[in-house]
Participant: 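Submitted below is the structure of interest, expressed as structure tokens.
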Amino acid sequence: MLHIYCPYCEEMREEEEFSYSGEAHIARPTDPESLTDAQWGDYVFFRTNPRGLHHEMWNHAAGCRRYFNATRNTQTYEIHETYKMGEQPTVTGGKP
Amino acid sequence: MTNMHSPLHHIEVPASVAAAGVVMREDKYRGHLNLRGNPQDEAFTSAVAKTLGVALPTTPNSSAENGTTRVYWLCPNEWLLLVAEGTQGQVEADLRAALADQHIAITDLSSGQTLVNLSGANIDELMLKSAVYDCHPSNFPVSKVVQTTFAKTGAVIYKCADGSFDLVIRRSFSDYFFLWVADASEEYGLQVV
Ligand SMILES: [Zn+2]
């Protein structure tokens with residue numbers, strides 16, 4: 001079981017209270033009408049699926065019911081940080 | 001209230017057990033109101049404090065109390081108000097009047113959930129095997145409130161001054177909840193009062 005720090009409840013909580021919600025920081029297209037089908041498909045369906053550091057959304061479903069972000073290593077499952085919606089990660093592995 | 005049935009009205013009350021380690025009591029018909037608003041907005045917080053007679057707690061996992069009104073912190077902009085039986089309609093109306101024109105939400109949840117008190121000599125053991133959250137006194141001081149799971153079902157758990165726990169559970173899960181408590185308490189003895 002993972003122990004996850006909720007940045008809103010400000011506590012470590014059991015994984016059972018959370019649900020995973022996929023890649024974080026995906027910007028919604030500001031002008032969707034102008035997108036090609038390929039660009040729209042890329043926005044809706046395609047994710048980076050990296051090996052290593054991953055910025056992803058979690059929902060504290062059984063707790064405060066807030067979404068937040070986590071930086072997790074997909075190889076080791078280590079969670080390096082969690083941060084509120086609207087904030088930027090500090091652990092980026094040298095990448096922006 | 002003769003035509004009302006509390007969520008746990010149907011459970012059988014066993015003949016008093018000699019030395020029950022767990023005692024369960026449903027706090028029937030309490031008013032439950034969900035309140036949302038901006039805690040950074042002084043107009044909101046002061047109007048609520050004036051209406052309820054108690055300030056909204058803004059520290060995570062904390063609560064505040066004034067007489068029969070208890071306020072739980074649920075998330076940074078959401079609170080659960082537990083008020084005396086039958087007063088929720090008036091409290092809601094008073095809040096709406098005090099918060100007119102503000103960006104807020106008030107939802108009456110009274111018939112959708114219920115408040116259950118669990119106490120007894122073995123209450124800590126019962127919590128240990130039922131909740132994923134650490135309910136040990138060292139991690140769960142009096143008046144702390146935690147939204148978590150209890151035997152897989154959602155619960156808002158509050159620690160009372162006497163060491164017992166108040167749980168807010170959903171009406172639709174109340175039967176399941178009772179069956180779990182009855183099973184988990186078998187080794188200690190359960191008394192329903
Ligand atoms: Zn939370």
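A, B, ... follow the sequence lines: proteins, then strands. Residue 1 opens every chain.
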Participant: If hydrophobic clusters are built by linking Ile, Leu, Val, Met, Phe, Trp and Tyr wherever their side-chain heavy atoms come under 4.5 Å apart, do B:V22 and B:F140 end up in the same one?
Facilitator: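 Result: yes, single cluster for both.
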Participant: Who in residues 27-34 of chain A is close to chain B, using a strict under-4.5 Å heavy-atom cut-off?
Facilitator: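 So far as heavy atoms go, nothing in residues 27-34 of chain A approaches chain B to under 4.5 Å.
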Participant: How long is the straight-line distance from CH2 of B:W73 back to SG of A:C9, given to the nearest 0.5 Å?
Facilitator: 4.5 Å
Participant: Pick whichever of B:V132, B:V156, B:T59 has the most heavy-atom pairs under 4.5 Å with chain A.
Facilitator: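 Ranked by heavy-atom pairs under 4.5 Å with chain A, first place is B:V132.
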Participant: Between A:E11 and B:K144, is the closest basic N to carboxylate O distance under 4.0 Å?
Facilitator: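 Between A:E11 and B:K144 there is a salt bridge, with a charged N closer than 4.0 Å to a carboxylate O.
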Participant: A:E14 and B:D134: side chain to side chain contact (heavy atoms under 4.5 Å, CB included), yes or no, with the steps?
Facilitator: CA-CA 10 Å; A:E14 282 289 330; B:D134 181 5; over 6 Å; no
Participant: Using a 4.5 Å cut-off on heavy atoms from C-beta on, say whether the side chain of B:E78 contacts that of A:C64.
Facilitator: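 A:C64 does not reach B:E78 side chain to side chain.
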Participant: How about B:F44: does its CZ atom have over 12 heavy atoms from other parts shown lying under 6.0 Å from it?
Facilitator: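 Above 12, so yes.
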Participant: Could you tell me the separation between the CG atom of B:L74 and the OH atom of A:Y8, rounded to the nearest 0.5 Å?
Facilitator: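 Answer for the CG-OH pair, B:L74 versus A:Y8, is 15.5 Å.
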Participant: Atom OG1 in B:T148, atom CD in A:E16: separation rounded to 0.5 Å?
Facilitator: 7.0 Å
Participant: In this structure, are over 12 heavy atoms from other groups packed under 6.0 Å from B:H103 atom NE2?
Facilitator: no
Participant: Using the ring pair (Phe, Tyr, Trp, His ring centres under 6.0 Å) criterion, which residues pair with A:Y20? Sequence neighbours excluded.
Facilitator: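 By the ring pair (Phe, Tyr, Trp, His ring centres under 6.0 Å) rule, A:Y20 matches A:W58.
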Participant: Take atom CG in A:D37; do more than 12 heavy atoms of anything else shown fall under 6.0 Å from it?
Facilitator: no
Participant: Are more than 12 heavy atoms, taken from residues, nucleotides or ligands other than A:Y67, located less than 6.0 Å from that residue's OH atom?
Facilitator: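 Atom OH in A:Y67 is not packed in, count stays at 12 or less.
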Participant: Are B:L126 and B:I157 joined in one hydrophobic group, where the rule is that I, L, V, M, F, W and Y side chains link up if heavy atoms are under 4.5 Å apart?
Facilitator: yes
Participant: State yes or no: do B:L109 and B:L95 share one hydrophobic cluster built from I, L, V, M, F, W and Y residues joined by side-chain heavy-atom distances below 4.5 Å, directly or via other members?
Facilitator: no
Participant: Below 4.5 Å, heavy-atom pairs only: which of A:R13, A:M12, A:R65 has the largest tally toward chain B?
Facilitator: A:R13
Participant: If Ile, Leu, Val, Met, Phe, Trp and Tyr residues are connected whenever their side-chain heavy atoms lie under 4.5 Å apart, and connections chain through other members, are B:L118 and B:L190 in the same group?
Facilitator: yes
Participant: Can you confirm whether B:R171 is buried at CZ, in the sense that more than 12 heavy atoms of other residues, nucleotides or ligands lie under 6.0 Å from that atom?
Facilitator: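 Yes, because the 6.0 Å sphere around CZ of B:R171 holds more than 12 heavy atoms from other groups.
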